[in-house]
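Structure first, then comments.
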Amino acid sequence: MKRRGRPPKGAGPAESVEGRILDSACRLFYTEGVRATGIDRILSRAGAAKASLYAHYGSKDDLVRAYLERQAQAWMARVQERIAPADGRAGLLRLFEMLGEFASGEDFRGCPFLNATSELADPSHPARAVLRQQREWLHGLIRGLLSSADVHDLDRVSRAVVVLYDGALASAILDGDGGAAAAALFAVERLLDATARSGPRRARAGAAGARPRGAG
């Protein structure tokens with residue numbers, strides 16, 4: 001029987017109590033939901049005492065915020081590793097390829113940010129600020145790539161691409177559609193063809209020559 005306050009079997013000796021709590025929370029919040037996951041379940045998985053939770057995070061709400069911050073930072077780092085702001089069309093298409101890779105993973109349970117937004121109705125919840133910041137980053141990323149791709153009607157095209165991004169993630173989990181991101185990618189390509197100032201053929205040629213190192 002595992003004793004509360006001791007690390008689970010196999011945990012590394014250098015791993016801090018704070019780290020174990022956050023690791024456990026991240027796994028459970030994503031796979032089982034923020035509301036459905038209680039503090040006792042997190043602490044049992046982490047092998048930590050309730051006093052440790054309050055010492056490091058203060059409350060479950062603060063732990064939810066830390067979970068979403070980690071998710072946001074991890075996704076931003078993955079995107080920035082493979083996509084540069086100047087990549088334009090090639091970078092935008094690569095973003096949707098990354099969505100397909102994410103949605104095809106065995107542990108995929110939907111977008112953590114969309115999931116959390118549906119569960120955290122209170123606008124004053126501390127995690128809502130993280131969700132707003134993540135959306136601002138996403139809108140900025142897509143708008144920047146479209147600007148580099150030199151499209152007509154940047155505002156409306158940017159909003160449309162964000163809708164395709166969100167829809168791909170929602171369809172992947174709601175419909176169990178492993179090809180949702182590929183379908184969204186097809187739509188993005190057609191949209192770029194229709195709105196590129198340089199014309200679809202030149203835009204495709206530019207995209208083919210703009211793949212950064214380490215991608216593909």
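Predicted, not measured: the structure shown is a model, and the values here were computed from it.
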Measure the shortest side-chain to side-chain distance between [X] and [Y] over non-hydrogen atoms and say whether it is less than 4.5 angstrom.
{"X": "D107", "Y": "T31", "value": "no"}
{"X": "V130", "Y": "V64", "value": "no"}
{"X": "E189", "Y": "L192", "value": "no"}
{"X": "F29", "Y": "K60", "value": "yes"}

Can you give me the closest heavy-atom contact between [X] and [Y], atom names plus distance?
{"X": "V17", "Y": "A48", "answer": "CG1-CB, 3.9 Å"}
{"X": "H125", "Y": "D61", "answer": "NE2-OD1, 3.0 Å"}
{"X": "D62", "Y": "P126", "answer": "OD1-CG, 4.0 Å"}

Who are the ring-ring contact (aromatic ring centres under 6.0 Å, His included) partners of F108, not counting sequence neighbours? F102
Supply the atom-to-atom distance K50 NZ to I42 CD1, rounded to the nearest 0.5 angstrom. 11.0 Å
Can you tell me how far CZ of R89 sits from CG of L146, rounded to the nearest 0.5 angstrom?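 The CG atom of L146 sits 11.0 Å away from the CZ atom of R89.
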Can I get a per-line list of side-chain donor-acceptor pairs under 3.5 Å for residues 67-76, giving both atom names and the distance, sequence neighbours left out?
{"residue": "R70", "atom": "NH1", "partner": "D23", "partner atom": "OD1", "Å": "2.6"}
{"residue": "R70", "atom": "NH2", "partner": "D23", "partner atom": "OD1", "Å": "3.1"}
{"residue": "W75", "atom": "NE1", "partner": "Y165", "partner atom": "OH", "Å": "3.1"}

Would you check if the side chain of T37 reaches a backbone N or O of G33 as a donor-acceptor pair within less than 3.5 Å?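 Flag set: sc T37 to bb G33 pair under 3.5 Å.
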Ignoring hydrogens and angles, tell me if any N or O in the side chain of S147 forms a donor-acceptor pair with the backbone of R143 under 3.5 Å.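 Pair absent, no side-chain N/O of S147 close to backbone of R143.
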R135/D166 ion pair, N-O < 4.0 Å: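 Yes.
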